[in-house]
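Below is one structure, written out as structure tokens; the observations come after it.
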Amino acid sequence: NGVSQYELYRLLENKSDYQLYTTYSAPGVYDFDNGKEHYGMWFRVKAVENGGDNRESWSNDVRVYFEPLIFIPNAFTPDRNGLNDKFLPNSGGMKTYTLRIFNRWGEKLFETDNNEIGWDGQYLGKPAPMGIYVYVIDYTDYRNKKYQAKGTLHSIR
């Protein structure tokens, strides 16, 4: 009778049950923004037959391991205009994360272990001078492999 819909189910590693991720009316090629919230995932598809007989068919399970993702901008504008006001690397698939910002003399100006909190260009409650700063990001994946990213960023006011 054909298929009325396809349901994609996902199971995060170290979780106990599959959850409905999304539903499709036809087969196709789709892109997903996976790997940002968890490292290892299992997927399976349920096909539901047309005709109301509640007949369904399940695919085999597929396991995917995502490498940690990180995009690090090289400049930001902490001028409080609501655009690009924080130095905030875009990251995911990480078990641990630490971001540190240093000035040219090696003095630590900022540190966080939350990948959703960025540096607002402040130091001791005042705007840090416009210029070049150094960032160091230490992170691990869900298999405890260690990574480090470091470089310079520009504060532009």
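A quick note: this is a predicted structure, and the numbers were derived from the prediction, not measured. We use all heavy atoms of the structure for the numbers below, so side chains are in, but hydrogens, waters and symmetry mates are not.
- The list of side-chain hydrogen bond (donor to acceptor under 3.5 Å, both in side chains) pairs with a residue in residues 116-135, not counting sequence neighbours, reads E107-Y123.
- W42 pairs by the side chain to side chain donor-acceptor pair (under 3.5 Å) definition with nothing, not counting sequence neighbours.
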Show your reasoning for whether side-chain contact (heavy atoms from CB on, under 4.5 Å) applies to N103 and L109.
CA-CA 7 Å; N103 65 17; L109 308 180; 4.0 Å; yes
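- Between atom CZ of residue R63 and atom CE of residue M41 there is a gap of 12.0 Å, rounded to the nearest 0.5 Å.
- Sorted by first then second residue, the side-chain hydrogen bond (donor to acceptor under 3.5 Å, both in side chains) pairs that include residues 75-86, not counting sequence neighbours, number zero.
- When every heavy atom of G118 is checked against every heavy atom of F110, the shortest pair comes out as O-CZ, 3.6 Å.
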Verdict with supporting geometry, Q148 and I137, side-chain contact (heavy atoms from CB on, under 4.5 Å)
CA-CA 6 Å; Q148 185 177 71; I137 303 170; over 6 Å; no
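- Residues P89 and N115 fail the side-chain proximity criterion, which asks for heavy atoms closer than 4.5 Å.
- N60 meets the side chain to side chain donor-acceptor pair (under 3.5 Å) test with no other residue; sequence neighbours excluded.
- Other residues sharing a hydrophobic cluster with I132 under the 4.5 Å side-chain heavy-atom criterion for ILVMFWY residues do not exist; the residue is a singleton.
- By the ring-ring contact (aromatic ring centres under 6.0 Å, His included) test, Y139 pairs with Y147, sequence neighbours left out.
- Note: the hydrophobic cluster containing L153 does not contain F71 (ILVMFWY, side chain heavy atoms under 4.5 Å, direct or indirect links).
- Residues Y6 and W58 do not share a hydrophobic cluster, defined by chaining ILVMFWY side chains whose heavy atoms lie under 4.5 Å apart.
- Checked against side chain to side chain contact (heavy atoms under 4.5 Å, CB included), D17 has the following partners two or more places apart in sequence or in another chain: Q19.
- No side-chain donor from either of D138 and T98 sits under 3.5 Å from a side-chain acceptor of the other.
- In the hydrophobic clustering of this structure, L124 groups with I117; members are Ile, Leu, Val, Met, Phe, Trp, Tyr whose side-chain heavy atoms approach within less than 4.5 Å, directly or through other members.
- With rounding to the nearest 0.5 Å, the separation of OG in S4 from CD in E56 is 10.5 Å.
- Between M94 and I70, the shortest heavy-atom distance links the atoms CE-CB, 3.8 Å.
- Heavy atoms only, all atoms of each residue included: D141 and R143 are closest at OD1-N, 2.8 Å.
- No continuous path of ILVMFWY side-chain contacts below 4.5 Å connects L8 to L11, so the two sit in separate hydrophobic clusters.
- For the side chain to side chain contact (heavy atoms under 4.5 Å, CB included) test, no residue two or more places apart in sequence or in another chain qualifies with R104.
- Applying the side chain to side chain donor-acceptor pair (under 3.5 Å) criterion to T140, with sequence neighbours excluded, gives T96.
- Scanning for side chain to side chain donor-acceptor pair (under 3.5 Å) contacts around K108 gives E111, with sequence neighbours left out.
- Under the side chain to side chain contact (heavy atoms under 4.5 Å, CB included) criterion, P78 pairs with F76, S155, R157, sequence neighbours left out.
- When the side chains of ILVMFWY residues are joined at heavy-atom separations under 4.5 Å, either directly or via intervening members, L88 and V134 end up in two distinct hydrophobic clusters.
- Scored by the side chain to side chain contact (heavy atoms under 4.5 Å, CB included) test, E7 finds Q5, Y9, L20, T23, K46, V48 as partners (sequence neighbours excluded).
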